[in-house]
Every structure is written in C-alpha cells, then in structure tokens.
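Following: one structure in structure tokens, then a few remarks.
Every heavy atom of this structure was used, including side-chain atoms; hydrogens, water molecules and symmetry mates were not. Keep in mind it's a predicted model, so treat the numbers as computed, not measured.
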There are 2 protein chains.
Amino acid sequence: MARPSRAVISRAPTLDDVARAAGLSSMTVSRALNTPDQVRSETVKKVLAAVKATGYIPNALAGGLASRRSKLIAVLVPHLNDPLFADTLQAMGETLSQRGYQMLLCSAGYTPQTETELVSTLMSRRPDGIMLTGIHHANDLKKIIFNASVPVVETWDITPTPIDMLVGFSHEKAGLATAEYLLGKGYRRPGLLWTTERTAAQRKNGLYEGLARHGITDAPYVESQLPARFADGRAGAAQLLETTELDVIICGSDILAQGAISELQARGLRVPQDVAVMGFGDLDFAAANVPAITTVALDRYAIGARAATLLANRIEGRSDGEQIIDIGFHLTERESA
Amino acid sequence: MARPSRAVISRAPTLDDVARAAGLSSMTVSRALNTPDQVRSETVKKVLAAVKATGYIPNALAGGLASRRSKLIAVLVPHLNDPLFADTLQAMGETLSQRGYQMLLCSAGYTPQTETELVSTLMSRRPDGIMLTGIHHANDLKKIIFNASVPVVETWDITPTPIDMLVGFSHEKAGLATAEYLLGKGYRRPGLLWTTERTAAQRKNGLYEGLARHGITDAPYVESQLPARFADGRAGAAQLLETTELDVIICGSDILAQGAISELQARGLRVPQDVAVMGFGDLDFAAANVPAITTVALDRYAIGARAATLLANRIEGRSDGEQIIDIGFHLTERESA
DNA sequence: TTGTACGCGTTATCAA
DNA sequence: TTGATAACGCGTACAA
C-alpha cells in the first residue's frame, strides 16, 4: 500500500537492482545465482543478501531468450481425465521438477491433427524438450520437431523407428499375451469391449491374431467412447450380452472391465464362473475390486519418470545408454478371468 | 540434411528474416501477425506467404519479455492423479487454450509449504495469472502474489476473503447438507471415512455440526491417505465395521464410497438396507455404480471453465461482474443412502 | 498504413 | 574472480 517514494516507477527488481544493492556488476550476480562455483563464496553471500533485500525474482523469459535454454518441457497427453495417463503425468511432473524443468501441459485429444496444431503453438515457447503420448503422429508434427531439432520422447507405445527417444511397451504383444492367457484358461467365446484409440487398436490387433491362431475369428466387438468410463463398461457389456453367448469379455481398459463386471453382477451372473472379464492397465482399483480384476499390469509411473529422465539427460548432454526403453508389461492373474 | 549455403549459421528464422523475405519492416510483420486489423490486407498476405516460406515460428520468450505479457497461466493442483481435480484441470486447459493461454502445470501436493515453493519458482516465468486449488495457502505465498500483483483464482472452496478471485462452493454447507439428508433418512449411527485434506476437513466440520444438532457426537472416524483410492475405501470400511454397529458410512469422496460399498457387499451386507454409504463428488462412476451412489454433486468441469474465464477476462481488462463465484453443490439422492 | 529507435532482463564472450 | 559489452527476438512509442 505504501506509495513508492520519489518518481520511482514501481516495477519488479532486476538483476541490475540486485547488483546495485550488492555493489557488484549484474554479471557477477547472475553467476552467483546460476553458477556459484565460479564466484567467491563471500561474494555469493553478498549477492544472496541483496536478493533477499530487493525481493528479486529472476525473469526466466529474459534468461531463456539470452541463453537459448527455456527449461520448459512441452507435454502432450490425450486427456487430463484419463486415469491411464494420470500416474505417468504425475511422475513426469515430479521428475522434471526435481531436474529443474517446468511442464507446459496440453491435452491433445485422441487425434494427430489437434496434436500437431498444439505442438506448433507450443514451439513458440522454445521448449527444451517435448513429451508425446503414443507413436502415431502427423507428418507435419514430425517436420516441425525435426526443423526445430528439439529432443522428443514418445511414450506408451513402442516402435523400432521412433522420432527420437521412446519409453513404452508393445501393445501388440500385450494383446497377443492376453489372447494366449485366456485361451489357455479355456475361454473360447470372447467378446471385445474396446476404445477407439490408436494404441488400443494395436492391442486389439495382437488380440485378434492370438484368437485367430486358435480359429476364433468372429468375436463380437463393441466400441466405447474416450476416455472410457465405468458407465461405458456397463453399457458395453450389456450390448455384448445381447449378441451371443460369451464366456469372457475382454476390455480395453480396467475402467471398462470394472463397469462390465458390475453389469454382469447386476444381472445375477457370476464372474468369472458365468462370464469372465479381462482388463488392461492395472489401475488403482483393479487388485481390490470384487472380484479382483485380471489385467495387463504396466508401470505407468515408470513411463513418466524414465521419459523425463531420458529427456533431461539428453538436454544436458549426457545421453547415456539406450534411447528406446521397453518397460514391458505383466499379465497379472487375479480372479476375474 | 542440406548444409546451409555460404557462411550462414543455421538458426531459427526471426521476424527480421520474414521482414526481409517480404520486403517489409519487422514491425509491420509483427503487426500483421498480432493485430492484422492494423495492416493492409495485401500486406498481411505478403507476410503470411513470407512466414510460410521461411518457416517462421514466433519466439514467445522474446515476445513476452518485450510486451510484459507471457500468455502463461500457472496452475497448481494437489495431485495429477486425483480424479476429483482431473475434470477441472481438463476444463481449465480447454478454456485457456481457446483464449490463447498456455498452462504451466505443477502438482503441489496437499500442503501449503510445497505449494509456496513451487509458486515462487513459477513466478520467474512471469505468468499472466495463477490458479490455485483451495483457499488455504501459506502467508509467504500471498506475499509473493501480492508483490507481483498477478491475478489469482482460487478454486474448489469458498471464503468471503479470497486472495483475489474465486470459484468454488462451501464445504461446510455441503457437510451440513449431508448430515441433514442422512438424518432425515433416519440414519442414526454414522461412521466417517475421510481424507486428510483441508477442504475435506471443512466438510467434516459441517457434517459434525449437523450431527451434533441431533445429539450425535461420537461417530467413529477413520482416515485414509491422499489421493484416496478404492482399496482405501475397502480397508476403511472394514476398520469402521470393527468398531461398532453402523447404519451408514459417510465417505469423503466417491472413490472411498465405491470401495466401501464393495467391502460391504463382499461381507454379504446389503447397501443401503444393512449399511448405507454416502459419497462426495459425483465422479463418473457414481450414477452407474451398483447400487448407484448417493453423493454431493459438483460441476467440476464448470469450476475449471469459469475460473479460466475469470482469469482471462481480468488479464484482458474486462473484469465484468462478480469475482467470487459460488457454483454450489447438489445433494443427489440415488440408491446407496 | 508503415517504419525507426529503443528497451525488455538476461547470458555469452572476451577482457581485465 | 569480476566486469564491460553485445547480443537474444520481439513489441512499445512515436514519427512519417
């Protein structure tokens, strides 16, 4: 509330203000804050005192402009309310924060088109790195990234030819493993309850291939919206039950599985005795559900943490080791299938 | 792959490059891109062609430095995997994106301490606005924000004395309404399954007050971790059942309610006939659950959208109308209580 | 409608 | 170890 004395225009203190207060040059203050090793420790102390006295807050806009390093990471996820990606995002945020980076976050939807538009906008922030979800991106996106030569991590899927770095796993193999597991359990009349998404589609391909190997080619299929919700699981299961007699409902996500189980139970059917249910993702509730959901477990948190680490290392010039990380998956047998 | 001809160092094209290509001054190019109304339409066309030819991408670091408007909004949520905040966050992202802002996102945990540290770091980005979750913040945080005189929206709670703007609802009233509803339904032996969080604590206060008015002062209470998960709901319900005979379990969130219902059913108890369960939040699954969860419904999406709108309007100098928005809540009777 | 001059706050570079 | 100077790329303010 105090009016500034004299004709001093109120503005945020700058490096120069700190320098003046400390009786040093602004360059020395800059060094004292960023690379204290290069400055006499007494001088550092003086600087820190002046920073406190002036209430100085660095201007990362100016710093980024001058240094050409923004310390910003652009992160694109399909949807912020898709529980599949939430842990990954949380892990990214934690890891990046520890490494001194900040997250510029966008929900890109489930289409490469909007993703490309968003990235081209985000590039104006001159991010030091980019995190993408999935490996299916528009060519324009790749061009933009290539021209800017920004490090990129793709996540949640795997390919021998990523744009740059990658942390994920094979959805085809996960689908195949699911098919083999269920067939090994003796299920022969599966129905699919799936989402319309690229990685989910690849799981479906693997699944179909596995089923086809055992001559099952006519499994009924119901599609649900994105992000998948509990109610979609119920509705989808209901729809599948109408078509033909099933012994297992294979779901594109645990959420759908939870809903499907609920629908079956509401109809007086026992899971898995009457109809089994298979999930995907091993979300928080899967193990505690009644019955516990048999699912494909992923270390979703690790995807985020490792992707962030990969990116930070690359940015800082220490790209040790593999740049394509297969975190794998684990078919976790529980009660529902 | 083409090596740049002559001694031209490869670098991102700037406004000057575009200007040269278009035979105009850089200032005209800047105007053509930012305020095309002020430029002859033919000139604008020339500029756009030159932008395309050069592959120019604006540098928001430089732009923000010069204009003192970063078009960045710092958003702080407790946790990125807390489904309670996910829709709000998604809505914020969408609205801000439409208005030309980008989200600098941080998960701040559930304590004012870490929140303050994060904000002080984020301030170096010179955000045009800040979104906070809840109304309980450290004094240092308020000081930082006040000194920087940045617009702020607090969300998810209400108080007559916000830092600045606010979009939320009264948790005390929600708690009180819950108590009155359940007492009206005839329940007299409630147990609480709650989370350790500030806003949740206020709901609990309201709840206790409502219960006390009817002489109920000894309701057993079990606390669960944050963010609350399905398994915590099961475990918490199990713990409550050990203490004394209950006719209703009142939960701090729908997730806990879903878990509690599951635990009760697993024990052969009927919900609500044997023990009722009350939720909070009206999450995606609440209506479709079996039994459908009676809960306190909130327009979580609206919190995010309105908060973003409030902030964008303020930044752009058109602060019309109320700056404290009570979005209210709605006690939604379903089957579980 | 377009252009010129300058400043935004910092860091890279080189000199002392 | 510290300082002087010149970018970094853009927008504001004013002039033409």
**Message:** Among residues at least two apart in sequence or on other chains, which ones pass side chain to side chain donor-acceptor pair (under 3.5 Å) with B:Y56?
**Reply:**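 Scan of B:Y56 (side chain to side chain donor-acceptor pair (under 3.5 Å), adjacent residues dropped) gives none.
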
Exercise. To the nearest 0.5 Å, what is the distance between CG (A:D87) and CG (B:N81)?
Worked result: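 Reported to 0.5 Å precision, the distance equals 4.0 Å.
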
* How many angstroms lie between CG in B:L105 and OG in B:S107, if you round to the nearest 0.5 Å? ->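 Here the interatomic distance stands at 7.5 Å.
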
Between [atom2] of [N] and [atom1] of [X], the distance in whole Å:
X: B:L61; N: D:dC10; atom1: CG; atom2: C1'; value: 11 Å
X: A:N59; N: D:dG9; atom1: CG; atom2: P; value: 16 Å
X: A:R125; N: D:dC8; atom1: CZ; atom2: P; value: 21 Å
X: A:M123; N: D:dG9; atom1: CE; atom2: P; value: 14 Å
X: A:L15; N: D:dA4; atom1: CG; atom2: C1'; value: 14 Å

Item checked: A:R11/A:D17 under side-chain contact (heavy atoms from CB on, under 4.5 Å): CA gap, chis, key distance, verdict -> CA-CA 11 Å; A:R11 56 165 180 72; A:D17 296 323; 2.9 Å; yes

Side-chain N or O of B:R68 closer than 4.0 Å to phosphate OP1/OP2 of D:dC10 |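 Negative; the distance criterion is not met.
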
Quiz prompt | N or O in side chain of A:S25 less than 4.0 angstrom from D:dG3 OP1/OP2 | solution =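 Answer is yes, contact under 4.0 Å.
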
Testing B:L89, B:V77, B:L96 one by one against B:M131 for a side-chain contact (heavy atoms from CB on, under 4.5 Å), which residue passes?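 Answer to the side-chain contact (heavy atoms from CB on, under 4.5 Å) test with B:M131 among B:L89, B:V77, B:L96: B:L96.
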
Check your understanding: Has B:K142 got more than 12 heavy atoms of other residues, nucleotides or ligands less than 6.0 Å from its NZ?
Key ->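 Counting neighbours around NZ of B:K142, more than 12 heavy atoms of other residues, nucleotides or ligands fall under 6.0 Å, so yes.
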
| query | Are A:D164 and A:R314 close enough for a salt bridge, meaning some N to O gap below 4.0 Å? | reply |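 Salt bridge present between A:D164 and A:R314.
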
Notebook entry, point to check: Can a salt bridge be assigned to the pair A:R31 and A:D37 using a cut-off of 4.0 Å between side-chain N and carboxylate O?
Noted result: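 Looking at A:D37 together with A:R31, the answer is no, because their closest N to O distance does not fall below 4.0 Å.
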
- Item | B:L76 and B:T133: CA distance, side-chain angles, deciding distance, side-chain contact (heavy atoms from CB on, under 4.5 Å) verdict | CA-CA 6 Å; B:L76 289 112; B:T133 304; 5.6 Å; no

Worksheet item: So what does A:R126 touch, heavy atoms closer than 4.0 Å: a base, only the sugar-phosphate, or nothing?
Response: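 The residue A:R126 makes no contact with any strand.
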
Protein N or O to nucleotides 5-7 of chain D N or O, pairs below 3.5 Å:
none

Check for a donor-acceptor pair, side chain of A:T121 on one end and backbone N or O of A:E117 on the other, with a separation under 3.5 Å.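 Yes: the side chain of A:T121 pairs with the backbone of A:E117.
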
Heavy-atom contact window of chain B on DNA chain C, given 5' to 3' at under 4.0 Å |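 Going 5' to 3' along DNA chain C, contacts run C:dT1 to C:dG9.
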
In degrees, rounded to 10°, what is the bend between the two ends of the helix from C:dT1-D:dA16 to C:dA16-D:dT1, using five pairs at each?
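Answer rounded to 10°: the end axes differ by 30°.
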
*Hey, can you tell me if A:Y110 and A:H79 have their rings parallel, tilted or perpendicular (30° and 60° cut-offs)?*
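If you compare the ring of A:Y110 with that of A:H79, the planes turn out parallel.
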
*Just jot down the side-chain contact (heavy atoms from CB on, under 4.5 Å) partners of B:T309, sequence neighbours excluded, or say none.*
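Residues passing side-chain contact (heavy atoms from CB on, under 4.5 Å) with B:T309: B:T95, B:R99, B:N313.
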
Using a 4.0 Å cut-off on heavy atoms, which residues in residues 29-46 of chain B reach DNA chain C? List them by number, or say none.
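Going residue by residue through residues 29-46 of chain B, the ones with a heavy atom under 4.0 Å of DNA chain C turn out to be B:R31, B:Q38, B:V39, B:R40, B:T43.
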
Exercise for review: Evaluate the side-chain proximity of B:I163 to B:I145: yes if any heavy-atom separation is below 4.5 Å, no if none is.
Suggested key: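 Yes, their side chains come closer than 4.5 Å.
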
